[in-house]
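The sequence lines fix the lettering, A, B, ..., with proteins before strands; numbering per chain opens at 1.
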Amino acid sequence: MLEFFLSLLILTGATLTFIGSLGLVRLKDLYTRLHGPTKATTLGVGCLLIASAVYFSTTDENISLHEILITLFLFITAPVSAHLIAKASLHLSLPSIAKAPETNDNNQETPDKTAEDTSNSSTDEDIEPAEPELPKNTTRSPEQ
Amino acid sequence: MLAISIQIALALVTAAVVMSFWRLLRGPDIPNRILALDTLYINTIAILVLLGIHLASALFFEAALLIALMGFIGTVALCKYLLRGDIIE
């Protein structure tokens, strides 16, 4: 039973790591490519480390805490590194497959009846030249 | 059963390493390569954890922890260099 549980965790983690790198190869854009490795970090390596912690806790008869250290460190540092990579690529103004600013407005005004007011105010915001590009790309990229 | 699943998992993670290395070689600009290096060290941590289970030795965790630390510091330093033109200002 324990062996079945451990092999299920190991196969899930390895499959998620594989899917993360597959997303790194197959996706079109850097902002969409940021997704795959982040999921591979949190879910894939997290599953593998949980499996390793359970394995060494049951075989060595004392609880092993190294894996929890690695898990904690990875869970803290993965969003920081993803944020820094996104910030650097926005600074270099890399091409993005997300382009339309009005789709950004439509996504923000999904409450029905206040559509006219928010569309007026947001079209005013869109005329501003350089600054709003950064939040558009960052809010646009997780939905691809 | 555990041995077979560890073999399959090692094959999957090795394929992941190969794909992220392909992105490292191919990637059209520098942030793609930084992202590929980030994925590469995460896959290396996965391989080290799997080898630690397979060989039943606890020696691999220190290596995995060191790779996690140094990989994060490398990613932050590269992104900081791209952002500011300098690492420590």
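The two residues A/L24 and B/A36 have their closest heavy-atom pair at CD2-CA, 4.1 Å. Minimum interatomic distance between A/L48 and B/V49 (heavy atoms only, all atoms of both residues): O-CG1, 3.7 Å. Considering all non-hydrogen atoms of both residues, B/A16 and A/F18 come closest at CB-CA, 4.0 Å. Across all their heavy atoms, A/P37 and B/L35 have their closest contact at CG-CD1, 4.2 Å. The two atoms that bring A/F56 and B/A56 nearest to each other are CE2-C, 4.1 Å, heavy atoms only.
With hydrophobic clusters built from ILVMFWY side chains whose heavy atoms lie under 4.5 angstrom apart, B/F21 does not share a cluster with B/M19. Under the 4.5 Å side-chain heavy-atom criterion for Ile, Leu, Val, Met, Phe, Trp and Tyr, B/L51 and B/I53 are members of the same hydrophobic cluster.
B/I45 contributes atom CD1, which lies 4.5 Å from atom CG of A/L74 (distance to the nearest 0.5 angstrom).
Counting only heavy atoms from C-beta outward, the side chains of A/I76 and B/F72 never approach each other to under 4.5 Å.
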Inter-chain donor/acceptor N,O pairs below 3.5 Å: chain A to chain B:
{"residue": "A/E3", "atom": "OE2", "partner": "B/L2", "partner atom": "N", "Å": "3.2"}
{"residue": "A/S21", "atom": "OG", "partner": "B/A16", "partner atom": "O", "Å": "3.2"}
{"residue": "A/S21", "atom": "OG", "partner": "B/N43", "partner atom": "ND2", "Å": "3.3"}
{"residue": "A/L24", "atom": "O", "partner": "B/R23", "partner atom": "NE", "Å": "3.0"}
{"residue": "A/L24", "atom": "O", "partner": "B/R23", "partner atom": "NH2", "Å": "3.3"}
{"residue": "A/V25", "atom": "O", "partner": "B/R23", "partner atom": "NH2", "Å": "2.8"}
{"residue": "A/R33", "atom": "NH1", "partner": "B/N32", "partner atom": "OD1", "Å": "2.5"}
{"residue": "A/H91", "atom": "NE2", "partner": "B/L83", "partner atom": "O", "Å": "3.4"}

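Looking only at heavy-atom pairs under 4.5 Å with chain A, the residue among B/P28, B/A9, B/A3 that has the most is B/A9. The candidate from B/A11, B/C79, B/G52 with the greatest count of non-hydrogen atom pairs under 4.5 Å with chain A is B/C79. Across B/I42, B/I8, B/L78, the residue that shares the most heavy-atom pairs under 4.5 angstrom with chain A is B/I42. Ranked by non-hydrogen atom pairs under 4.5 Å with chain B, the options A/I85, A/L92, A/V45 are led by A/I85.
Proximity to chain B involves both the backbone and the side chain of A/L34, based on heavy atoms less than 4.5 angstrom apart. For A/L8, no part sits under 4.5 Å from any heavy atom of chain B, backbone or side chain.
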